[in-house]
Engineer: 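Encoded as structure tokens, here's the structure I'll be asking about.
No hydrogens, no waters, no symmetry mates; every other heavy atom, side chains included, goes into these values. Because the structure is predicted, anything quoted here is derived from the model rather than measured.
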Amino acid sequence: MNKGKIFKLAKGFRGRAKNCIRIARERVEKALQYSYRDRRNKKRDMRSLWIERINAGTRLHGVNYGNFMHGLMKENIQLNRKVLSELSMHEPYSFKALVDVSRNAFPGNRPIPAKEGLASIL
């Protein structure tokens, strides 16, 4: 890369990293490495967020995430995790219908018994 391109990419950096070519080149190279890495990490983080949201939604109806997804797979319902997480947050009745379909498809999807009274403390 030429100097102009380096300084353009280094705009906004602190200290000599924005106006000293040697330091700017090192900082820009490292910044590009971070951006490459974090574009992949962003996908990983979003997937885990979707899974957490789906799990929270399914547990409200007495099913855990793994059994819910297995039931959907057995019923050949092909909704991705992003759509399922949106449904769990914004369309609770539609999501409950999916949970019921999943529960009927997979016998391991029995409701998780809710503890009440003194038993919940212990």
Side-chain angles (χ1 to χ4, degrees):
M1 283 195 260
N2 61 3
K3 274 189 192 181
K5 195 167 182 182
I6 294 283
F7 285 135
K8 188 174 180 182
L9 289 171
K11 188 172 182 175
F13 288 4
R14 296 184 63 164
R16 289 195 302 160
K18 68 176 170 284
N19 54 19
C20 180
I21 188 62
R22 182 177 293 172
I23 298 169
R25 183 178 292 121
E26 292 171 358
R27 292 288 86 218
V28 165
E29 285 179 8
K30 195 65 176 175
L32 292 173
Q33 289 172 2
Y34 286 141
S35 66
Y36 178 85
R37 178 197 70 191
D38 290 337
R39 282 194 297 272
R40 278 124 191 96
N41 287 352
K42 182 179 175 184
K43 294 167 181 58
R44 185 183 314 160
D45 293 341
M46 291 308 295
R47 182 181 166 100
S48 67
L49 176 66
W50 297 331
I51 290 172
E52 287 173 21
R53 288 176 176 171
I54 295 167
N55 193 20
T58 57
R59 286 183 184 271
L60 289 175
H61 303 295
V63 179
N64 68 18
Y65 169 80
N67 289 342
F68 171 70
M69 293 303 283
H70 185 65
L72 290 183
M73 186 187 71
K74 287 188 89 150
E75 281 293 312
N76 198 24
I77 297 174
Q78 297 178 352
L79 291 174
N80 63 20
R81 287 163 181 82
K82 181 179 180 180
V83 171
L84 288 171
S85 76
E86 291 293 319
L87 282 174
S88 72
M89 290 191 313
H90 302 299
E91 298 284 339
Y93 294 111
S94 304
F95 190 73
K96 184 177 183 338
L98 283 174
V99 172
D100 292 339
V101 167
S102 172
R103 183 181 288 138
N104 294 334
F106 181 55
N109 278 343
R110 286 185 219 90
I112 301 169
K115 296 180 180 178
E116 294 185 21
L118 187 59
S120 66
I121 298 170
L122 303 174

Engineer: Is I77 reachable from L84 through a run of hydrophobic residues whose side-chain heavy atoms are each under 4.5 Å from the next?
Structural biologist: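 Per the 4.5 Å side-chain linkage, L84 and I77 are co-clustered.
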Engineer: Among the clusters formed by ILVMFWY side chains lying less than 4.5 Å apart, do M1 and F7 turn up in the same one?
Structural biologist: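 Yes; tracing contacts between hydrophobic side chains, which count when under 4.5 Å, links both residues.
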Engineer: Roughly how far, to the nearest 0.5 Å, is the CG atom of L60 from the NZ atom of K96?
Structural biologist: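 That separation rounds to 11.0 Å.
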Engineer: Using every non-hydrogen atom in the two residues, find where S88 and G57 come nearest and quote the distance to one decimal.
Structural biologist: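 In this case the closest contact between S88 and G57 is CB-CA, 4.5 Å.
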Engineer: Considering non-hydrogen atoms only, spot the tightest contact between S94 and L87 and give its length.
Structural biologist: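 Distance-wise, the nearest heavy atoms are CB-CD2, 4.3 Å.
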Engineer: Quick check against the 3.5 Å criterion: does N80 have a side-chain atom that pairs as donor or acceptor with the backbone of V83?
Structural biologist: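 Looks like yes, one N/O pair under 3.5 Å.
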Engineer: Counting distance only, does the side-chain N/O of N104 pair as donor-acceptor with the main-chain N or O of D100 below 3.5 Å?
Structural biologist: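 Yes, the answer is positive, given that a donor and an acceptor are paired below the 3.5 Å cut-off.
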Engineer: Using the rule that Ile, Leu, Val, Met, Phe, Trp and Tyr join whenever any side-chain heavy atoms are under 4.5 Å apart, tell me whether I51 and F95 fall into a single cluster.
Structural biologist: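 Same cluster.
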Engineer: Counting C-beta onward and ignoring hydrogens, is there a side-chain heavy-atom pair between R16 and N19 closer than 4.5 Å?
Structural biologist: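 SC-SC contact between R16 and N19 confirmed.
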Engineer: Do M73 and H70 have side chains that approach each other closer than 4.5 Å (heavy atoms only, starting at C-beta)?
Structural biologist: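 In short, these two side chains touch, coming nearer than 4.5 Å.
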Engineer: Please report the closest heavy-atom contact between I21 and I6, naming both atoms and the distance.
Structural biologist: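 Closest approach of I21 to I6, heavy atoms only: CD1-CG2, 3.8 Å.
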Engineer: How far does CZ of R37 sit from CD of Q33, to the nearest 0.5 angstrom?
Structural biologist: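 If we round to the nearest 0.5 Å, R37:CZ and Q33:CD are 9.5 Å apart.
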Engineer: Main chain of F68, side chain of S102: is a donor-acceptor contact present, judged purely on distance under 3.5 Å?
Structural biologist: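 A pair under 3.5 Å: yes.
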Engineer: Please determine whether residues V99 and L79 belong to a single hydrophobic cluster, defined as Ile, Leu, Val, Met, Phe, Trp and Tyr linked transitively by side-chain heavy-atom distances below 4.5 Å.
Structural biologist: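 Yes, V99 connects to L79 through the hydrophobic network.
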Engineer: Between K42 and D45, does at least one N-O distance fall below 4.0 Å, as a salt bridge requires?
Structural biologist: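 No, no charged N to carboxylate O under 4.0 Å.
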Engineer: To the nearest 0.5 angstrom, please state how far the CG atom of L72 sits from the CG atom of N67.
Structural biologist: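 Here the rounded value is 11.0 Å.
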Engineer: Please check if atom CZ in R14 has more than 12 non-hydrogen atoms from other residues, nucleotides or ligands closer than 6.0 Å.
Structural biologist: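 Atom CZ in R14 is not packed in, count stays at 12 or less.
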Engineer: Between R44 (side chain) and R40 (backbone), is there a donor-acceptor pair under 3.5 Å?
Structural biologist: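 Here the side-chain-to-backbone pair does not exist.
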Engineer: Measuring from atom CD1 of I54 to atom CD of E86, what distance do you get when rounded to the nearest 0.5 angstrom?
Structural biologist: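 So the CD1 of I54 and the CD of E86 are separated by 10.0 Å.
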Engineer: If you take all heavy atoms of K74 and A105, which pair is closest and at what distance?
Structural biologist: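 Where K74 meets A105 most closely, the heavy atoms are CD-O, 4.0 Å.
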Engineer: Within the supplied structure, the quantity of interest is the number of heavy atoms (other residues, nucleotides, ligands) at a distance under 6.0 Å from R39 CZ; does it exceed 12?
Structural biologist: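 Counting other residues, nucleotides and ligands, CZ of R39 exceeds 12 neighbours.
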Engineer: Looking at W50 and R81, what are the two nearest heavy atoms and their distance?
Structural biologist: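 For W50 versus R81, the nearest heavy atoms are CB-O, 3.8 Å.
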Engineer: Which heavy-atom pair separates K18 from A10 by the least distance, and what is that distance?
Structural biologist: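 Closest approach of K18 to A10: CB-O, 3.7 Å.
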